[in-house]
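Right, one structure below, let's go through it.
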2 protein chains.
Amino acid sequence: MFNKETEYALRGLVYIKLQNLKNRRPGTTEIAKEIEAPQFYTAKILQRLVRAGFLRSLKGKGGGFFFDPDKPDLQLIKLISATEGDKSYSSCGFGLKHCDNDKPCPLHEKYAVIRDSINKLISDETVQSLAEKVYKKELNLR
Amino acid sequence: MFNKETEYALRGLVYIKLQNLKNRRPGTTEIAKEIEAPQFYTAKILQRLVRAGFLRSLKGKGGGFFFDPDKPDLQLIKLISATEGDKSYSSCGFGLKHCDNDKPCPLHEKYAVIRDSINKLISDETVQSLAEKVYKKELNLR
DNA sequence: TTATTAAAGGACAATATGGTCTTTTTGTAT
DNA sequence: ATACAAAAAGACCATATTGTCCTTTAATAA
């Protein structure tokens, strides 16, 4: 489905939000361990996400990562666009540059339906909505 | 959706089958041109597919690629398993090693539905069924 | 103001993917 | 038998992805 960077970003952000709900600001070591991802790679990815403005961080003692409570929820599609690029779930399943209802590839009719449902999923769900589910249903992140 | 190798394999095979329907056996140069793929890379991919037993080839004058008429149709899922590995559309969208109805990730409920429909699509459709669509509806492969 | 803590930054390495080119082998037609 | 055509094989290169580690910067607590 997603590439590694997106996976780690997604799991990491959900973990951060989950801890934020408990008034904690986790750091890279803890996050990486809890989501079972490579520590330094996770740190680098989180760095990028901070630079992209998706979340905030604090250095030094008591520092760590946290979401700005004033910001709107982060749709998965925004995250995925940042890590994998825009065209991930907008392009042709057959690999054609131009493929639409008028000039479809042989997969178009059936694949378009699936692509739409993927886009609905990643537009509807947010990092926060997933964290809520984990919190309420005590789901696991690893 | 798919990686480049799978895309070229898929388009290439459909083109070959389409030509076979017209009693032709296309070669690598023609195939690569018609599906707009890199020539030598396409040749290498077709080589692998022949070795994997998905289609046959003939060297020398009048040679080229063709499907064994006695073989059953090639499901896309078989092709994709060969080019991308088994777990492409069987694993967790969140990246968890263990994720099922009992111990789900926060995406599971919605993603499982999508994953099932992808698996249905690539099990139902075959290289031959796609070639038929292209033939009957005069669709394009590039 | 100093020590400590933790993120930021950046260099570097390993692996996978995507792609090119040349040589060898094999089949066909003449 | 020979020339030719086309796939097979394999060496090689480019780029992207994934991952590690070391140094620097900034914040906090003592």
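Atom CD in A:Gln47 sits about 16 Å away from atom P in D:dG19, given to the nearest Å. Between the CG atom of B:Leu49 and the P atom of D:dA8 there is a distance of 10 Å, rounded to whole Å. Atoms NZ (B:Lys59) and C1' (D:dA7) sit 6 Å apart, rounded to a whole Å. Regarding B:Ile31, its CD1 atom lies at a distance of 12 Å from the P atom of D:dA6, rounded to whole Å. The distance from atom CZ of B:Arg25 to atom P of D:dA5 is 16 Å, rounded to the nearest whole Å. Across the protein-nucleic acid pair, A:Asn3 atom CG and D:dG19 atom C1' stand 14 Å apart, rounded to whole Å.
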Return all side-chain donor-acceptor pairs below 3.5 angstrom for residues 102-113 of chain A, not counting sequence neighbours, or 'none' if the list is empty.
from: A:His108; atom 1: NE2; to: A:Asn101; atom 2: OD1; distance (Å): 3.2
from: A:Lys110; atom 1: NZ; to: B:Glu125; atom 2: OE2; distance (Å): 2.7

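A search for salt bridge (charged side-chain N to carboxylate O under 4.0 Å, His left out) contacts involving B:Arg142 returns nothing, not counting sequence neighbours. Listed by chain and residue number, A:Lys120 satisfy the salt bridge (charged side-chain N to carboxylate O under 4.0 Å, His left out) test with A:Asp124 (two or more places apart in sequence, or in another chain). For B:Glu34, the salt bridge (charged side-chain N to carboxylate O under 4.0 Å, His left out) test picks out no residue, with sequence neighbours left out. For B:Glu36, the salt bridge (charged side-chain N to carboxylate O under 4.0 Å, His left out) partners two or more places apart in sequence, or in a different chain, are A:Lys97.
Note on A:Thr28: only backbone sugar-phosphate atoms sit closer than 4.0 angstrom, heavy atoms only; bases stay farther off.
Residue pairs meeting the ring-ring contact (aromatic ring centres under 6.0 Å, His included) criterion with at least one member in residues 122-142 of chain B, sequence neighbours excluded, do not occur. Listed by first and then second residue, the salt bridge (Lys or Arg N to Asp or Glu O under 4.0 Å) pairs that reach into residues 7-27 of chain A are A:Glu7-A:Arg11, A:Arg24-A:Glu30, sequence neighbours excluded. The list of ring-ring contact (aromatic ring centres under 6.0 Å, His included) pairs with a residue in residues 40-89 of chain A, not counting sequence neighbours, reads A:Tyr8-A:Tyr41. For residues 53-78 of chain A, there are no side-chain hydrogen bond (donor to acceptor under 3.5 Å, both in side chains) pairs, not counting sequence neighbours.
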query: Under a 3.5 Å cutoff on both atom distances, Watson-Crick or G-U, what's the dot-bracket for DNA chain C ([ ] crossing, | other strand)?
result: ||||||||||||||||||||||||||||||

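First and last contacting nucleotides of DNA chain C toward chain B (any atom under 4.0 angstrom from a heavy atom, 5' to 3' order): C:dG18 to C:dA29.
Side chains of B:Asn3 and B:Thr6 form a contact here, defined as non-hydrogen atoms less than 4.5 Å apart.
Listed pair A:Tyr8 / D:dG19 meets the phosphate criterion, a side-chain N or O lying under 4.0 Å from OP1 or OP2. Listed pair B:Ser57 / D:dA7 fails the phosphate criterion, with no side-chain N or O lying under 4.0 Å from OP1 or OP2.
Proximity of a side-chain donor or acceptor of B:Arg48 to a complementary backbone N or O of B:Ala82 within less than 3.5 Å is not detected.
Mapping A:Gly62 and A:Arg51 onto DNA chain C by nearest heavy atom places A:Gly62 at the nucleotide closer to the 5' end.
Side-chain N/O atoms of A:Lys4 and base N/O atoms of D:dT18 include no donor-acceptor pair closer than 3.5 Å.
Contacts between residues 35-45 of chain A and DNA chain D, defined by a heavy-atom separation below 4.0 Å, involve A:Pro38, A:Phe40, A:Tyr41, A:Lys44, listed by number.
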